[in-house]
Amino acid sequence: MSSTVKDMLATYPADLGDIDQAKLTACIEECIACAQACTACADACLSEGMVGDLAKCIRTDMDCADICTATAAVLSRHTGYDANITCAILKACAMVCKACGDECVRHADMHEHCRICAEACRSCEQACNELITSLG
């Protein structure tokens, strides 16, 4: 199955080097999906009756969404590629996804949006870690 991310990587006019394109594609897609889930979860938390009890969840969702968005952007750029920057942002993304997933799991029994968000965070964390491992 084709995806926009995969199609765009395929059109890059220069050599992408030894990077595992399947893992790169998966990581970009997971970052985008996680950013969306975290943004939607934060918004849903704001609509809950006990919004004060969800302040940490909202903050973590927003931080995670921002870092996932930045990670997807960095991973989508290849001109002037810097492996150190790529690894640093992937590590930060995996770390925030773990924290956000952990926070959302705390509320998952009461809020379905938190359960879905936690799953997206776990999936993104895994994709980031797999890409880091493949980079060496």
Checklist outcome for this item: In short, salt bridge (charged side-chain N to carboxylate O under 4.0 Å, His left out) pairs touching residues 71-100 with sequence neighbours left out are Lys98-Asp102

Item to check | Close side-chain approach of Val74 and Leu90, heavy atoms under 4.5 Å | outcome: no

Next on the checklist: With side-chain contact (heavy atoms from CB on, under 4.5 Å) as the test, pick out the partner of Cys38 among Ile67, Val96, Asp61, Ile58.
Outcome noted: Asp61

Name every donor-acceptor pair, under 3.5 Å, that has one atom in a side chain of residues 13-22 and the other anywhere in the protein, sequence neighbours excluded.
from, atom 1, to, atom 2, distance (Å)
Asp15, OD1, Gly17, N, 3.0
Asp20, OD1, Ala22, N, 3.0
Asp20, OD1, Lys23, N, 3.1

For residues 124-133, which side-chain N or O atoms pair as donor and acceptor with protein atoms under 3.5 Å away, sequence neighbours left out?
from, atom 1, to, atom 2, distance (Å)
Gln126, NE2, Glu130, OE2, 2.9
Asn129, ND2, Glu125, O, 3.3
Thr133, OG1, Asn129, O, 3.0

Residues 42-54 side chain polar contacts: donor-acceptor under 3.5 Å, at least two apart:
from, atom 1, to, atom 2, distance (Å)
Glu48, OE2, His111, ND1, 3.2
Glu48, OE2, His113, NE2, 2.9

Next on the checklist: Rounded to the nearest 0.5 Å, what separates atom CG in Leu9 from atom OG1 in Thr25?
Outcome noted: 4.5 Å

Item to check | Heavy-atom check, side chain of Ile116 versus side chain of Cys41, under 4.5 Å | outcome: no

Checklist entry - Taking side chain as C-beta onward, heavy atoms only, is Cys64 less than 4.5 Å from Cys97? => result yes

Donor-acceptor pairs are to be reported for all side-chain atoms of residues 28-37 against protein atoms at under 3.5 Å, with residues two or more places apart or in another chain.
from, atom 1, to, atom 2, distance (Å)
Glu29, OE2, Ser3, OG, 2.6
Glu30, OE1, Ser123, OG, 2.8
Glu30, OE2, Ser123, OG, 3.2

Checklist outcome for this item: In short, salt bridge (charged side-chain N to carboxylate O under 4.0 Å, His left out) pairs touching residues 105-114 with sequence neighbours left out are Glu103-Arg106, Glu112-Arg115

Checklist entry - What are the two closest heavy atoms between Ala72 and Ser76, and how far apart are they? => result O-OG, 2.7 Å

Checklist entry - In chain order, what residues pass the salt bridge (charged side-chain N to carboxylate O under 4.0 Å, His left out) check against Arg59, with sequence neighbours excluded? => result Asp63

Item to check | Residue list, side-chain contact (heavy atoms from CB on, under 4.5 Å) with Met8, at least two apart or on another chain | outcome: Thr4, Thr11

Item to check | Sequence neighbours excluded - ring pair (Phe, Tyr, Trp, His ring centres under 6.0 Å) pairs with any residue from residues 7-41 | outcome: Tyr12-His78

Checklist entry - Does Met62 share a hydrophobic cluster with Val105, counting links as ILVMFWY side-chain heavy atoms below 4.5 Å and allowing steps through other members? => result no

Next on the checklist: Quick test of your reading: applying ring pair (Phe, Tyr, Trp, His ring centres under 6.0 Å), list the pairs with at least one residue in residues 15-62, sequence neighbours left out, ordered by first then second residue.
Outcome noted: none

